[in-house]
**Q** 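My structure is below; once you've seen it, I'll send some questions.
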Protein chains: 2
Amino acid sequence: MASHTVENYLKALFALANKAGEVGISDLSDHLAVSKPSVNSMAKALQQDGFLKYEKYKPLKLTSKGKKVAALVVRKHRLTEMFLVEQMGFGWDEVHDIAEQVEHVKAPAFFDRMDELVGFPTVDPHGSPIPDAHGNVLEIDCVKLSECAVGEKVSLVGLSQSSKSLLSFLDSHGIALGHTFGILVVEPFDGSMTVEHQGAEARTFSLKVCERLLVRKEA
Amino acid sequence: MASHTVENYLKALFALANKAGEVGISDLSDHLAVSKPSVNSMAKALQQDGFLKYEKYKPLKLTSKGKKVAALVVRKHRLTEMFLVEQMGFGWDEVHDIAEQVEHVKAPAFFDRMDELVGFPTVDPHGSPIPDAHGNVLEIDCVKLSECAVGEKVSLVGLSQSSKSLLSFLDSHGIALGHTFGILVVEPFDGSMTVEHQGAEARTFSLKVCERLLVRKEA
DNA sequence: GTCAATTGTTAGAATACACTAACAATGTAG
DNA sequence: CTACATTGTTAGTGTATTCTAACAATTGAC
């Protein structure tokens with residue numbers, strides 16, 4: 001059984017992986033708030049256990065074993081978030097930190113029961129996909145709002161790097177998953193966008209916000 | 001913040017304490033399945049942190065600080081058990097192991113919410129009292145069934161050392177908290193007792209069972 | 001009261017995880 | 001292509017927690 005620490009390393013590796021599935025030691029070090037030498041020695045240990053491939057001076061890459069373990073931790077995290085919101089009445093901005101701890105519980109029945117009680121969801125409260133019990137992740141086809149052009153109609157399907165402050169921002173503006181936006185203006189100077197929200201009020205969002213909103217283009 | 005390990009030591013100390021609040025190193029060692037030298041050195045560390053009083057060759061004794069931390073862990077454990085049974089549909093024999101892990105989560109809001117959702121209970125599914133948010137435990141006045149005499153009427157209020165096997169035993173015999181018993185026979189030879197259950201069928205229980213059933217004498 | 005069993009202690013070492021300081025390799029700007 | 005910045009590595013340590021082997025203190029039986 002992987003320790004909490006190992007689970008956190010694998011989860012971070014999984015989250016930070018680029019298209020090629022590779023992650024630099026410094027990235028991990030920053031993300032986990034752990035020194036580079038610590039990451040370096042942990043990388044060697046994880047390689048010993050077959051969780052990743054490590055070669056001196058090369059980026060790290062999860063093996064399929066490592067990916068599976070990571071995905072299962074992510075599954076527990078996201079099911080927990082879902083459960084906290086749906087069954088326990090927490091706000092979507094409150095659940096991350098709790099889930100961060102609950103995800104390490106070793107009790108499949110506990111999570112299976114949550115899954116059942118929230119109706120076998122495929123995405124969590126932030127729109128991120130929930131891996132299945134085998135560790136397979138269903139990719140959702142979406143792009144950042146910031147990559148869309150004037151005139152397009154899109155709907156919000158998820159967030160990238162959701163943080164408490166982003167979530168409160170969205171809450172305070174009455175924005176939730178599933179809402180639709182029509183792009184009215186893209187400001188070339190700073191990348192900020194003016195959009196109509198739910199077919200009604202026009203709002204302007206900074207590039208920073210638009211980069212974190214994952215949307216699906218409407219037909 | 002106390003580590004999982006420290007929390008487990010304090011919880012065990014709390015559970016094993018005799019009337020005088022004292023616990024021997026060997027007891028702890030057995031209970032935690034850890035060697036005596038390990039307990040010994042942990043005892044010194046816990047004393048440094050003010051969780052207990054330790055003197056060479058004397059039994060350990062929790063300080064009030066230690067007792068409070070322990071009680072709060074027990075609180076989280078028992079609220080979790082309650083929540084698992086009442087809100088998630090688990091059986092009372094399935095919840096201990098899950099709660100054993102969930103109790104270490106550091107998120108007061110999580111447990112407060114459980115408390116609310118299960119209606120601020122004062123005892124857990126096994127009849128053990130749930131300490132309040134300040135770590136105070138309400139003592140319930142009960143005795144072991146094995147200490148009762150022929151002719152007494154009692155009701156089941158709790159279990160001491162409930163284990164999965166005891167719980168399945170009780171389940172399979174249709175016995176639950178609150179049930180009443182009238183003591184018909186106490187066998188002097190082996191301490192087994194014959195009782196009427198819920199005013200109906202007579203049953204015989206071994207001493208081993210009777211020592212684990214905590215009952216309140218009826219008026 | 002002495003002896004043996006029980007209980008507790010010391011010493012020494014191992015594992016998991018983290019750190020800092022110092023150095024080496026890589027990559028990029030000019 | 002060199003020079004500096006970035007990135008990664010090594011070496012040496014520290015803390016938390018565990019262990020075994022060996023020994024010491026306490027206690028209970030007679």
**Q** For the pair B/H4 and B/H104, name the ring-plane relationship: parallel under 30°, tilted 30 to 60°, perpendicular over 60°.
**A** parallel
**Q** At under 4.0 Å between heavy atoms, how does the protein contact nucleotides 8-14 of chain C? Give one character per nucleotide, 5' to 3', with B, S or -.
**A** BBBB---
**Q** How about CD on A/Q48, more than 12 heavy atoms from neighbouring residues, nucleotides or ligands closer than 6.0 Å, or not?
**A** no
**Q** Tell me whether B/R78 contacts the main-chain N or O of B/P129 through its side chain, where contact means a donor paired with an acceptor under 3.5 Å.
**A** yes
**Q** Mind calculating the distance between CD (B/E7) and P (D/dT17) to the nearest angstrom?
**A** 11 Å
**Q** C/dC17 C1' sits how many Å from A/Q48 CD, rounded?
**A** 16 Å
**Q** Nearest whole Å is fine: how far is D/dA16 P from B/D49 CG?
**A** 8 Å
**Q** Would the number of heavy atoms belonging to other residues, nucleotides or ligands and lying under 6.0 Å from NZ of B/K106 be above 12?
**A** yes
**Q** Looking at A/S3, does any N or O in its side chain come under 4.0 Å of the phosphate oxygens OP1/OP2 on C/dA16?
**A** no
**Q** Give me the bend of the helix from C/dG1-D/dC30 to C/dG30-D/dC1, using the axes of the five pairs at each end, rounded to 10°.
**A** 10°
**Q** Determine whether a donor-acceptor pair (N or O, by modelled atom type, separation under 3.5 Å) exists between the side chain of B/K76 and the backbone of B/E103.
**A** yes
**Q** Got a second to check how far A/L167's CG is from A/I175's CD1, nearest 0.5 Å?
**A** 11.5 Å
**Q** Does the A/T63 side chain pair with the main chain of A/F51, one donor and one acceptor, at a distance under 3.5 Å?
**A** yes
**Q** Is there any side chain to side chain donor-acceptor pair (under 3.5 Å) pair reaching into residues 22-39 of chain B, and which pairs are they, with sequence neighbours excluded?
**A** B/S35-B/S38
**Q** For A/L46 and C/dA16, give me the distance from atom CG to atom P, rounded to whole Å.
**A** 12 Å
